[in-house]
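Here is the structure we will look at.
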Amino acid sequence: MGFPRQRMRRLRESEPLRRMVRETVLAPSNLIYPLFVREGTDQQEAILSMPGQFRWSVDRLIKEATDVHMLGIPAVMLFGIPDHKDERGSSGYDPNGIVQRAVRALKDHLPGLFVVTDVCIDEYTSHGHCGIVKDGRIVNDETLDCLRLMAKTHAEAGADMVAPSDMMDGRVAAIRDELDRGGFEHVPIMSYAAKYASCLYAPFREAASSSPAFGDRCSYQMDPANAREAIREVRADVEEGADVIMVKPALPYLDVISRTRAEVDVPVAAFQVSGEYSMIKAAAGQGWLDESKVTLETLLSIKRAGADLILTYFAKDAAKLLNVATP
Ligand code: PBG
């Protein structure tokens with residue numbers, strides 16, 4: 001039955017009807033806000049490559065997280081910027097490290113805010129790689145020991161969920177084992193399962209001073225050309241015990257989000273990364289794009305592709321826009 005009996009435009013004629021037949025709805029509860037935490041007090045240090053984003057000292061982080069919470073965003077994701085870096089990233093698994101202290105402070109002041117921690121040593125290593133380096137190679141299994149400890153100290157500090165982003169093989173199983181043995185069997189793991197070796201992390205690496213000192217991350221992060229391989233990564237992580245699966249970056253990888261959604265039944269998260277944020281900020285800053293509209297359209301598209309949860313530096317802005325009552 002085609003035209004003229006079928007007219008697609010009938011359902012688009014009025015605003016209330018468009019709302020009634022809308023297939024995808026974005027809500028603040030879908031969002032997770034990434035936050036950078038640094039040493040010191042009363043610090044709100046601007047990140048130049050990410051306008052509107054800051055490195056917060058723990059005291060100021062509490063205030064910022066209170067705003068996030070008030071906007072109806074259920075969760076934050078913490079990234080640590082330590083004062084000291086070494087070969088093994090040991091400041092990352094120090095029970096008194098910057099993230100561990102930030103988690104404790106957040107859970108003390110805002111018990112209702114869900115705190116997720118990024119588990120990866122790159123922000124804490126002197127060489128900037130996500131694994132231990134031996135003879136110029138990133139060694140897998142030895143890195144797992146660091147990740148176990150990091151995840152455990154985060155859980156001990158009160159983290160509600162841990163999110164390994166290193167792309168070492170076997171890290172979900174190793175972390176699950178460590179958490180279970182430490183009495184944290186209730187703490188879920190959100191695995192950055194399909195994390196691509198993307199150039200879109202550049203602003204983040206400036207924010208965290210975590211650019212690799214030599215080489216690149218291609219021996220552990222995925223080749224942007226591969227989608228089937230992403231499904232193998234996702235399946236492996238689900239088998240190892242991942243509770244939530246993440247695809248990263250988001251917008252250039254909507255096909256991967258969509259395939260992941262079709263392949264597994266666990267919740268799917270997508271990370272709209274620093275470069276995606278900065279591209280929009282830059283174009284909007286020039287007056288070439290309407291920032292609010294691009295923000296909502298990109299987030300909606302990521303959700304439509306199949307993401308249940310979206311990590312985005314636009315979370316606060318999006319929540320404000322979404323909280324404005326529709327007629
Ligand atoms: C690694 C990590 C990175 C990001 C999240 N976790 C950087 C990297 O892999 O180089 C990137 C996030 C972003 O670009 O917003 N700890």
Side-chain angles (χ1 to χ4, degrees), residues 31-38 47-55 76-82 85 88-89 91-93 97-99 116-133 138 143 146-147 150-151 154 159 161-168 171 175 189-224 233 244 246-253 269-282 295 298-299 302 309-315:
L31 307 176
I32 301 177
Y33 192 48
L35 284 166
F36 296 92
V37 57
R38 53 158 287 169
I47 299 167
L48 299 180
S49 55
M50 301 173 69
Q53 301 299 313
F54 303 89
R55 303 178 190 93
V76 294
M77 161 81 99
L78 293 184
F79 294 103
I81 299 166
K85 303 193 181 203
R88 296 182 67 87
S91 57
Y93 47 88
I98 184 64
V99 163
V116 190
T117 55
D118 183 81
V119 175
C120 183
I121 61 175
D122 69 322
E123 292 129 62
Y124 310 92
T125 52
S126 40
H127 45 71
H129 276 291
C130 303
I132 306 274
V133 178
I138 317 303
T143 304
C146 303
L147 299 171
M150 192 182 287
H154 288 177
M161 179 156 77
V162 294
S165 67
D166 51 283
M167 290 300 280
M168 296 301 121
R171 92 275 206 204
I175 291 171
I189 299 174
M190 172 162 71
S191 168
Y192 290 69
K195 176 173 176 179
Y196 286 88
S198 170
C199 61
L200 292 166
Y201 312 144
F204 174 98
R205 290 179 192 167
E206 187 188 315
S209 312
S210 62
S211 289
F214 66 90
D216 53 35
R217 301 208 202 289
C218 294
S219 76
Y220 42 107
Q221 297 181 348
M222 285 184 56
D223 184 339
E233 281 282 5
V244 181
M246 195 201 295
V247 175
K248 176 186 170 188
L251 207 61
Y253 297 86
F271 201 141
Q272 183 180 47
V273 300
S274 56
E276 296 179 73
Y277 174 82
S278 300
M279 285 196 287
I280 293 173
K281 279 283 180 187
T295 298
T298 52
L299 293 174
I302 293 164
L309 306 170
I310 305 174
L311 293 106
T312 173
Y313 301 97
F314 285 117

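Counting starts at 1 for both ligands and their atoms, following the listed order. Worth saying up front: this structure is predicted, and the values here are computed from it rather than measured.
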Subject >> Close-contact set for ligand 1 against Cys120 heavy atoms, below 4.0 Å >> reply: 1 (C), 16 (N)

Subject >> Contact atoms of ligand 1, heavy-atom distance to Tyr313 under 4.0 Å >> reply: 12 (C), 13 (C), 15 (O)

Subject >> Subset of ligand 1 atoms that lie under 4.0 Å from at least one heavy atom of Lys248 >> reply: 2 (C), 3 (C), 4 (C), 5 (C), 6 (N), 11 (C), 12 (C)

Original post:
What atoms in ligand 1 come closer than 4.0 Å to a heavy atom of Lys195?
Top reply: 1 (C), 2 (C), 3 (C), 6 (N), 8 (C), 9 (O)

Subject >> Modelled atom types, side-chain donor and acceptor of Gln272 and Thr298, under 3.5 Å >> reply: yes

Original post:
Should you measure from each heavy atom of Arg217, which atoms of ligand 1 turn up under 4.0 Å away?
Top reply: 8 (C), 9 (O), 10 (O)

Subject >> Any side-chain heavy-atom pair of Leu311 and Met190 under 4.5 Å >> reply: yes

Original post:
Hey, which atoms in ligand 1 end up nearer than 4.0 Å to a heavy atom of Phe79?
Top reply: 5 (C), 6 (N)

Original post:
Can you find a pair of side-chain heavy atoms, one from Ser165 and one from Phe271, that are under 4.5 Å apart?
Top reply: no

Subject >> Closest protein heavy atom to atom 10 (O) of ligand 1, given as residue, atom name and distance to 0.1 Å >> reply: Arg205 NE, 2.6 Å

Original post:
Hey, are the side chains of Ile132 and Arg88 touching, using non-hydrogen atoms and a 4.5 Å cut-off?
Top reply: yes

**OP:** Nearest heavy atom to atom 7 (C) of ligand 1 wins, so pick from Phe36, Tyr277, Phe204.
**Re:** Phe204

Original post:
Looking only at heavy atoms, what is the nearest atom pair of Val99 and Leu78, with distance?
Top reply: O-CD1, 4.4 Å

Original post:
Of the backbone atoms (N, CA, C, O) and the side-chain heavy atoms from C-beta on, which set of Asp118 has a member under 4.0 Å from an atom of ligand 1: side chain, backbone, both, or neither?
Top reply: side chain

Please list, one pair per line, the donor and acceptor atoms closer than 3.5 Å that link side chains of residues 200-217 to other protein atoms, with sequence neighbours excluded.
| residue | atom | partner | partner atom | Å |
| --- | --- | --- | --- | --- |
| Tyr201 | OH | Tyr196 | O | 2.6 |
| Asp216 | OD1 | Cys218 | N | 3.0 |
| Arg217 | NH1 | Gly128 | O | 2.7 |
| Arg217 | NH1 | Tyr220 | OH | 3.2 |
| Arg217 | NH2 | Asp122 | OD2 | 3.4 |
| Arg217 | NH2 | Gly128 | O | 3.4 |
| Arg217 | NH2 | Ser210 | O | 2.9 |

**OP:** Can you figure out which of Ala202, Ser165, Gly275, Ser274 has its heavy atom closest to atom 13 (C) of ligand 1?
**Re:** Ser274

Original post:
Which bit of Val273 gets closer than 4.0 Å to ligand 1, counting heavy atoms only: side chain, backbone, both or neither?
Top reply: both

